[in-house]
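The structure appears right after this line, and notes come after that.
Note that these values count all heavy atoms, side chains included, but never hydrogens, waters or copies made by symmetry. Letters A, B, ... are given to chains in the order of the sequence lines, protein chains preceding strands, and every chain is numbered from 1.
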Amino acid sequence: MANHTIAHDVYVPFLEKKGFLSWILTTDHKRIGILYLVSTSLFFLVAGIIALLMRFELLTPASDFVDPHTYNVLFTLHGSIMVFFFIVPGLAASFGNFLIPLMIGARDVAFPKLNIASYWIYLLGTAILLMALLKPADTGWTFYTPYSATTNTDVVLMTFGVFVLGFSSILTGLNFIVTTHKMRAPGMTWHRLPLFIWASYATSVLQLLATPVVGITLLLLITERTLGVGFFDPAKGGDPILFQNFFWFYSHPAVYIMIIPAMGVISEIIPVFSRKPIFGYKAIAYSSLGIAAISFLVWAHHMFTSGISETAATIFSFLTFLVAIPTAIKVFNWTATLYKGSIHLHSAMLYALGFIFLFTIGGLTGVFLGALAADIHLHDTYFVVAHMHYVMIGGTVMGFFGALHFWYPKWFGKMFNETVAKIAWFFIFVGFNVTFFPQFFLGIQGMPRRYASYPAEFESLMSLSTYGSWILGFGILIMVINLISGLINGPKAPENPYNSLSLEWQIPSPPPHENFEEIPHVTDWSYGYGKKKELEV
Amino acid sequence: MTWIPEVASNLAGKVDGVLLTITLLSLFFFVLITVILIVFAIKYRRKRDDEETPYITGSEPLEIIWTVIPSILLIALFVYGFVVFKEMRTPPADSVDITVTGKQWLWTFDYYNGKKTLNELYVEQNRPVRLVMMSDDVLHSFFVPGFRVKQDVLPGRYVQLWFTPTKIGTFDIFCAEYCGTGHSVMLGKVNVLSPEAYDIWENGLPGEGGGAVASLPPAELGEKIYKEKGCNACHSLDGSTLVGPSFKGVFGHTVELADGSKVEADENYLRQSVLEPQSQVVKGFQPVMPSFKGILSDEEVTAVIAYIKTLK
């Protein structure tokens, strides 16, 4: 492992400085990470409460708790906030910022000022979104034309907010790519990099290459609405499904922007709590890049019923099946890492195992949607809603919660109550499944998504799903209270509570301002757990 | 409740075959992963803090096995899904064409013999039907779960969808592509008739099952339209509140609108409510009624008003 020394007598934790300006003007990657963590977590809670309101409306078939227009606004806000303001920057920007320099042995990212500028841009996007709330859009987070070009709600302001946010994403991606290339400590070769770094790298490439496309698309939509240019309006010679092609050209890679960092988190948590090297390091590392590459070529699998040609649908279906392969490889490798391990079911590990279980369901149900004939029946039903939430909550959010519990001691220098954390995990895990598993059956039975009211035949499964959302919400509430009370009166965290070999655990908790007193010299990878029989990497 | 809707078209069984195959394969891999996870988590649970673990970094044979086997299975599934999809997209030459128009928030169906129905599609059992579809406004999607068919409906471009209904009965039509405030009330029915019943429907008296005629007294014609054009789905006759206000006693009464203003429900108010429903929405109701402009003639609108007048 690394050779390094820390002079503890001059140690000043990075959290030491207080005051608004010390935060908003900071260039410290760890503080910027906290800024993102707090902002994205707040949006997660807001969008979560909106989801609870939607599920409450869906408790009974009639549209009675809120009117249909309000329901449509609610699902638009839920989707837009969750996707653009929480999941995309959630793990990638908050944990990416905190962990990348620490894990590669650097004092900060390559461009610290650009880093805080990216956060300011995120805030600007947020401010624009809040303005749009005066007359929020009712288009769904996908903003499909021609509806989004004709509704009298404030689509322009809302999409402009997302457009601005995109720059934050692009600049953060650029910053992380350069950091990974140029800032690695001596001896930190590509094949010694922690897998979270590989995952962040793949994510950053996607952010850099895909985000401009959604930016351009939203500008075209804004132009269509404000200047009446008919890009998407067939009456003016436009194409009604061109928007979908553009939108998914970004938004499918964006799915991987959301999930790949969580895969990185899982690859860090499992070896530590199994005391085993990660199984198939290169397979996991390269499959992240493989997924990132193929993810650019599968966008039209969202459009099999849209009116695209049969040839196009066939090609996109085939490519979609290809993207399943690297995903399956990762699941098998994580599972194999447990073999003959010394497994400790820490709360972070429970989230990691929960991830494998739920993400497997999310991945397998994706196969249904990739198969052409099956997708025709299932598209735009609750099956898609369930599949997507198994990937986004079962995958990304489980990874996010796992990361929160895993790096919490390092980040804040405090410990939370482990028993309460396990109880919260239990409610979240059970509540999630009760909420979303019935939705697979609803979808197979034909219940369309985005319905404010629904036929009575679906009532029993719909209300079961609503009860589940209460259990899920309760679990998240316990988790939030537990993590916050740990900050206030939790015991002090040791430097390395899990005996991890990764660089970030070799320095004090919380880390000092510039992380490493002396830049470490790396001599081995960070997964060297267990008794070596032979020397190999 | 069954896990999948009744098989009601020639395509449904084939789609179910794809669904079932993927379900079984998925269950196999899901159970495999779950069992291994649980067994490992129990068997290798940490008993002492200083347990020794082996240094295993990977296995090339395993990596090859779990890359190649899923790849073969996935490609097989792709081919199966494609073969059925190809059939779903290839209507037979002898199918009956019906023109479908989606608009916010209703479906209209035009038949070869000039009949026209609203929200109710009439087809004959065991006779292939090809729907030629277009939207009047935004995107919609024509979805019949019982037939396992779905197709987005676009403005300015025809799209097609076909099926052969195999079961007599009534099946749901859902709009599956979000289309605005009334998306969840854009519902229709497919009525699959036996060849004999279809023959009667097809050759029935002029006006029956669709095209209204002027030979009836206005109020009777209005009642016919009320039932056939789907007004009854949202407007009751007995004073009970459905999606829209009841017709009972509405004529001549003062109505409070959503903006707080009050109008008298006279002939012109009712006419405007049919043709431009969003312009004067009654307080407490949602602006989800579709416009009947182009669907009802002036004469038919007058007949509906005459009918409403009789509902004291």
Side-chain angles (χ1 to χ4, degrees), chain A residues 67-69 72 140 144 146-147 234-235 240 275-277 279-280 283 305-307 310 314 317-318 321 324-325 328-329 331-332 335 338-344 353 356-357 360-361 364 367-368 371-374 376-377 379-380 441 444-446 448 450-453 529-533 536, chain B residues 3-5 15 18-19 22 26 29-30 33-34 36-37 40-41 44-46 51-58 62-63 66-67 70-71 74-75 77-78 81-82 84-85 88-89 138-139 141 143 145 148-152 154-157 159 174 176-184 286 288:
Chain A
D67 60 58
H69 174 74
N72 297 343
Y144 273 15
Y147 186 68
R275 312 311 296 168
K276 282 276 308 294
F279 194 93
T305 68
S306 72
E310 273 104 70
T314 306
S317 169
F318 181 73
F321 277 95
I325 298 166
I329 291 173
V331 170
F332 293 133
T335 311
L338 301 172
Y339 175 67
K340 288 195 171 173
S342 168
I343 297 170
H344 173 50
L353 296 179
I356 299 181
F357 178 85
T360 300
I361 298 179
L364 289 169
V367 175
F368 287 75
L372 287 164
I376 300 298
H377 178 60
H379 182 67
D380 272 330
F441 294 99
I444 290 174
Q445 285 169 17
R450 296 177 169 178
Y451 265 31
S453 56
Y529 305 104
K531 195 171 176 233
K532 283 189 198 189
K533 287 200 180 114
E536 57 165 329
Chain B
W3 78 290
I4 197 156
V15 173
V18 178
L19 285 170
I22 304 178
S26 297
F29 279 99
F30 170 67
I33 295 281
T34 309
I36 293 177
L37 271 186
F40 282 3
Y44 303 121
R45 189 166 32 96
R46 191 175 300 171
E51 269 169 358
E52 206 166 83
T53 50
Y55 188 79
I56 306 170
T57 58
L62 270 181
E63 297 286 353
W66 66 45
T67 306
S71 302
L74 286 168
I75 288 173
L77 288 180
F78 157 73
F82 164 70
V84 175
F85 173 72
M88 296 171 88
R89 289 298 187 99
V138 300
L139 301 180
S141 187
F143 176 32
R148 315 287 190 274
V149 293
K150 184 183 289 125
Q151 173 62 50
D152 288 11
L154 313 173
R157 185 193 298 179
V159 289
F174 294 132
E177 182 65 66
Y178 174 68
C179 58
T181 311
H183 173 53
S184 57
Q286 286 306 307
V288 295

What closest approach, in Å, do [X] and [Y] show between heavy atoms, and which atom pair accounts for it?
{"X": "B:V15", "Y": "A:A374", "answer": "CG1-CA, 4.5 Å"}
{"X": "B:F78", "Y": "A:F318", "answer": "CE1-N, 3.5 Å"}
{"X": "B:G81", "Y": "A:L372", "answer": "O-CB, 3.8 Å"}
{"X": "B:L74", "Y": "A:A324", "answer": "CD1-CB, 3.7 Å"}
{"X": "B:S26", "Y": "A:L364", "answer": "O-CD1, 3.4 Å"}
{"X": "B:Y178", "Y": "A:G140", "answer": "CE2-N, 4.4 Å"}

So which part of [X] gets closer than 4.5 Å to some heavy atom of chain A, the side chain, the backbone, both or neither?
{"X": "B:Q151", "value": "both"}
{"X": "B:E177", "value": "both"}
{"X": "B:V18", "value": "side chain"}
{"X": "B:L154", "value": "side chain"}
{"X": "B:F82", "value": "both"}

Determine the interplanar angle of the [X] and [Y] rings, folded into 0 to 90°, and report it as parallel if under 30°, tilted if 30 to 60°, perpendicular if over 60°.
{"X": "B:F29", "Y": "A:F332", "value": "tilted"}
{"X": "B:Y44", "Y": "A:Y339", "value": "perpendicular"}
{"X": "A:F279", "Y": "B:W66", "value": "tilted"}

Distance, nearest 0.5 Å, that separates [atom1] of [X] from [atom2] of [Y]:
{"X": "B:R46", "Y": "A:I343", "atom1": "CZ", "atom2": "CD1", "value": "9.0 Å"}
{"X": "B:L37", "Y": "A:L338", "atom1": "CG", "atom2": "CG", "value": "6.5 Å"}
{"X": "A:I444", "Y": "B:W3", "atom1": "CD1", "atom2": "CH2", "value": "5.0 Å"}
{"X": "B:C179", "Y": "A:N72", "atom1": "SG", "atom2": "CG", "value": "9.0 Å"}

Which of [options] touches chain B most, by non-hydrogen pairs under 4.5 Å:
{"options": "A:S342, A:P146, A:A371, A:P234", "result": "A:S342"}
{"options": "A:S317, A:A328, A:A235", "result": "A:S317"}
{"options": "A:Y529, A:F357, A:F368", "result": "A:F368"}
{"options": "A:R450, A:K276, A:K340", "result": "A:K340"}

- Show your working on side chain to side chain contact (heavy atoms under 4.5 Å, CB included) between B:R148 and A:I376 and close with a plain yes or no. CA-CA 7 Å; B:R148 315 287 190 274; A:I376 300 298; over 6 Å; no
- Task: Please look at A:P277 and chain B and tell me whether the side chain, the backbone, both or neither of the residue comes under 4.5 angstrom of a heavy atom of that chain.
- Result: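 Both the backbone and the side chain of A:P277 come within 4.5 Å of chain B.
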- Please look at A:Y144 and chain B and tell me whether the side chain, the backbone, both or neither of the residue comes under 4.5 angstrom of a heavy atom of that chain.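 Just its side chain gets close to chain B.
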Does some side-chain heavy atom of [Y] sit less than 4.5 Å from a side-chain heavy atom of [X]?
{"X": "B:T181", "Y": "A:H69", "result": "yes"}
{"X": "B:I4", "Y": "A:F441", "result": "no"}
{"X": "B:P145", "Y": "A:H377", "result": "yes"}

Looking at chain A, which one of [options] has the largest number of heavy-atom pairs inside 4.5 Å, strictly under?
{"options": "B:V149, B:T34, B:D152", "result": "B:D152"}
{"options": "B:H183, B:R45, B:R157", "result": "B:H183"}
{"options": "B:P155, B:S141, B:G156, B:A41", "result": "B:P155"}

- Message: Quick one: does any side-chain atom of A:K531 pair with a main-chain N or O of B:P54 as donor and acceptor, under 3.5 Å?
- Response: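 No; zero donor-acceptor contacts below 3.5 Å.
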- Query: Is a side-chain donor or acceptor of B:T53 paired with a backbone partner of A:R275 at a separation under 3.5 angstrom?
  - Reply: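 Looks like yes, one N/O pair under 3.5 Å.
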- Apply side chain to side chain contact (heavy atoms under 4.5 Å, CB included) to the pair A:F321 and B:I75, showing each step before the final yes or no. CA-CA 7 Å; A:F321 277 95; B:I75 288 173; 5.9 Å; no
- Message: Using the ring centroid of each side chain, check whether B:F143 and A:H379 are separated by less than 6.0 Å.
- Response: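 No; A:H379 has its ring centre 6.0 Å or more from that of B:F143.
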